[in-house]
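Taking it in order: structure first as structure tokens, then the write-up.
Whatever order the structure lists them in is the order used to number ligands and atoms, beginning at 1. Everything numeric here is computed off the predicted structure, so don't read it as measured data.
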Amino acid sequence: MDKDEVKKRIEKLRETINHYRYLYHVKDVSEISDEALDSLKKELFDLEQEYPDLITPDSPTQKIGGEPLEKFEKFKHPKRMTSFNDAFSQEDIYDWRDRNFRLLREEEKNSVEFYCEPKLDGLAIELIYRNGILEVGATRGDGIIGENVTSNLKTIESIPLRLRSKENIEKDLGKNINYNEIVVRGEAVLTKEEFKRINKERLDRGEEIYANPRNLAAGSIRQLNPKITSERNLDADFYSLVSDLGQKTHGEEHKILEILGLKTNNRYNKICKNLEEVFDYYEDLNKKRNDLPYEIDGVVVAINNNRIYEKLGIVGKAPRGAIAFKFPQKEATTIVNDVIFQTGRTGIVTPVAILKPVALEGVIISRTTLHNEDEIRRLNLKIGDTAVITRAGDVIPKVIRVLKEMRNGSEKEIIFPKKCSACDADLIKKDALWFCPKKDCYTRRYKTIVHFVSKPAFNIVGLGPNIVKDLLNKKLILDAADLFTLKKGDLLELEGFKKKASNNLINAILNSKRITLPRFIYSLSIPIVGIETANVLADRFNSIDNLKNSKKEDLEQIIDIGPIVANSIFSWFRDENNLAFMDKLLKNGVEIVFEKKENKLQGLSFVLTGTLKEMTRDDAKEMIRKAGGDISSSVSSRTDYVVVGENPGSKFDKAKKLGVKILNEEEFYEFIESL
Ligand code: IVH
């Protein structure tokens with residue numbers, strides 16, 4: 001982008017962010033996820049860092065969006081309440097440190113330590129104690145003027161109406177203090193449990209439920225009836241001491257807060273000597289996150305030494321000396337730079353969006369499937385668009401929405417090609433999908449064989465994509481069925497293959513010959529038939545012949561199989577080439593075997609989310625299925641168990657909301673073993 005384009009992009013970003021913030025703060029509607037909005041703000045922040053002369057005082061990076069509501073008495077904060085800039089990756093944290101280090105002297109840099117603490121996801125509050133008595137409690141508002149919500153805050157159990165006595169504090173601190181006025185800041189939060197309870201009650205009454213504990217906490221405090229606040233069982237944790245009680249570091253501040261009699265998170269906090277320690281802390285806290293009683297959305301990393309922190313000062317709405325290191329986001333916004341069309345093993349041509357790289361769930365992604373032409377039309381996506389992408393609940397990232405208000409007129413229509421990009425054949429359209437009709441297209445053959453030998457299919461250990469390529473190039477095989485007639489000597493032609501490697505591979509091929517029906521069906525590369533559908537088909541038809549001879553109506557009648565999938569299966573078994581391939585497999589010694597299902601999990605329905613450490617999700621599903629359990633892709637009140645791995649998706653949140661039993665990976669294995 002040249003500077004002119006950057007300027008326009010910045011203006012669009014500001015307009016869009018302001019629009020959603022207005023809807024959120026004034027109209028009380030949220031039309032975009034917090035995460036997507038954070039992502040837009042981050043892009044704006046990055047562009048402004050690159051072109052500081054384009055920063056304007058009214059930019060959303062410069063001011064806090066939370067004008068006090070008219071219905072409350074206003075309260076002017078004795079010292080401005082700031083917010084944080086966000087970091088989403090280690091790289092962002094390195095950049096933050098380097099920006100600060102440029103402003104420090106050598107000996108200051110060498111002495112820097114980082115104070116790390118959980119970033120609580122609630123509502124920031126300020127309390128003013130005069131002679132130990134709570135006089136004012138206020139929200140942050142726009143940072144300068146907040147709302148006086150004293151009567152509401154007074155109902156919160158963990159907010160003391162009176163601090164510990166001056167004598168006791170002074171005894172613990174070992175020095176005299178000014179007790180006339182003590183100003184502290186912290187966060188009002190709602191525990192996950194309370195959140196669940198309140199939402200359940202609302203659901204029972206047919207009322208709308210709150211999206212997250214933060215909204216509910218904020219809503220409970222920013223309303224006029226203290227009785228409602230008191231019914232909500234809010235909690236508060238304190239992290240900042242504004243008055244000078246002699247603290248030299250942020251760590252000391254936390255200790256003093258406790259001595260004053262305020263609740264802190266000190267047991268989770270840590271002083272880190274360098275960024276590696278910060279990253280370890282972050283990883284560790286992210287793991288503990290689910291076990292904490294309330295929601296946190298990241299780590300606040302602050303320069304521990306208060307003198308250096310103050311010296312670094314404030315830019316815009318945020319202090320330079322601290323940053324919010326956000327946990328992996330399940331949603332982000334990015335730019336769709338291009339769309340390419342890939343022919344897959346079943347001939348389906350899939351549009352793939354090439355994205356401006358962006359962090360999603362802690363990994364940088366740069367491309368995502370758009371599935372088919374209809375999906376592009378449904379999203380109304382154009383090249384150059386700003387899109388919201390997500391991985392919620394799913395492993396594969398996907399575009400869920402286009403932010404049309406970010407368009408500047410230079411976006412281009414996506415034109416579906418008429419020819420296959422791999423072999424130039426004319427594409428044909430069936431239902432919503434475009435196909436390359438050429439079966440002997442090299443790319444297709446290669447991909448089909450890679451699929452055939454993959455773990456959930458024939459699981460031929462040691463036969464990776466490069467060996468498949470080599471086998472095809474040397475004309476040792478033409479299709480997957482040829483694998484079963486390969487001899488040891490044939491393999492010696494392959495690059496890097498000596499006797500031992502050849503023996504191993506031939507044995508692996510032999511061992512794979514006996515295969516269960518679902519795996520066999522899956523291995524055939526029937527368009528839009530994945531492992532789930534293959535299992536359903538195997539259960540229903542019991543043999544490959546029954547499946548082959550099934551009528552379209554039989555297939556359509558199966559729950560879980562829609563008309564398009566039914567059509568795809570039916571047509572596949574009507575194609576002479578496919579039938580010949582199947583016969584060739586059986587002739588070459590492939591044998592379909594039946595596994596007796598145990599019925600330990602009969603009648604129980606499971607949902608899996610997140611990454612498992614010990615096995616792949618497909619293997620875990622197979623384990624459940626073998627024991628007679630059902631797998632479902634979404635959580636509902638009929639779900640019995642949700643198995644949660646690392647970085648779980650929205651299914652985990654839904655399970656919590658619905659009160660479905662949750663098993664972590666270890667508990668899951670124990671559960672299966674205990675039966
Ligand atoms: S402030 C030098 N600590 O972040 C660091 N703020 O305050 C001073 N927030 O929207 C500590 N958790 O609601 C601090 N542990 C935490 C926090 C925290 C959440 C929020 C707060 C406000 C923003 C800036």
Distance-only criterion, 3.5 Å: show the donor-acceptor pairs between side-chain atoms of residues 301-309 and protein atoms not counting sequence neighbours.
unit_1: N304; atom_1: OD1; unit_2: H250; atom_2: N; d: 3.1
unit_1: N304; atom_1: OD1; unit_2: G251; atom_2: N; d: 3.0
unit_1: N305; atom_1: OD1; unit_2: R307; atom_2: N; d: 2.8
unit_1: N305; atom_1: OD1; unit_2: I308; atom_2: N; d: 3.2
unit_1: N306; atom_1: OD1; unit_2: H250; atom_2: N; d: 3.3
unit_1: N306; atom_1: ND2; unit_2: E253; atom_2: OE2; d: 3.2
unit_1: R307; atom_1: NH2; unit_2: E108; atom_2: OE2; d: 3.2

**Report entry** Residues which pass side chain to side chain donor-acceptor pair (under 3.5 Å) with K263, listed by chain and number, not counting sequence neighbours
**Finding:**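 Expected list: D235.
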Query raised in the report: Sequence neighbours excluded, which residues qualify as side chain to side chain donor-acceptor pair (under 3.5 Å) partners of E167?
Result: none
Query raised in the report: Do Y129 and Y179 have their ring centres less than 6.0 Å from each other?
Result: no
Taking a 3.5 Å cut-off between nitrogen or oxygen atoms, can you list every pair linking ligand 1 to the protein, with distances?
unit_1: ligand 1; atom_1: 10 (O); unit_2: R140; atom_2: NH1; d: 3.0
unit_1: ligand 1; atom_1: 12 (N); unit_2: L120; atom_2: N; d: 2.9
unit_1: ligand 1; atom_1: 13 (O); unit_2: E187; atom_2: OE1; d: 2.4
unit_1: ligand 1; atom_1: 13 (O); unit_2: E187; atom_2: OE2; d: 3.0
unit_1: ligand 1; atom_1: 13 (O); unit_2: Y239; atom_2: OH; d: 3.3
unit_1: ligand 1; atom_1: 15 (N); unit_2: E117; atom_2: OE1; d: 3.0
unit_1: ligand 1; atom_1: 15 (N); unit_2: P118; atom_2: O; d: 3.0

Query raised in the report: Is there a donor-acceptor contact under 3.5 Å linking the side chains of Y294 and N265?
Result: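 Indeed, the side chains of Y294 and N265 share at least one donor-acceptor pair under 3.5 Å.
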Query - Heavy atoms from other residues, nucleotides or ligands near NZ of K248 exceed 12 (cutoff 6.0 Å) - result: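 No, because the 6.0 Å sphere around NZ of K248 holds 12 heavy atoms or fewer from other groups.
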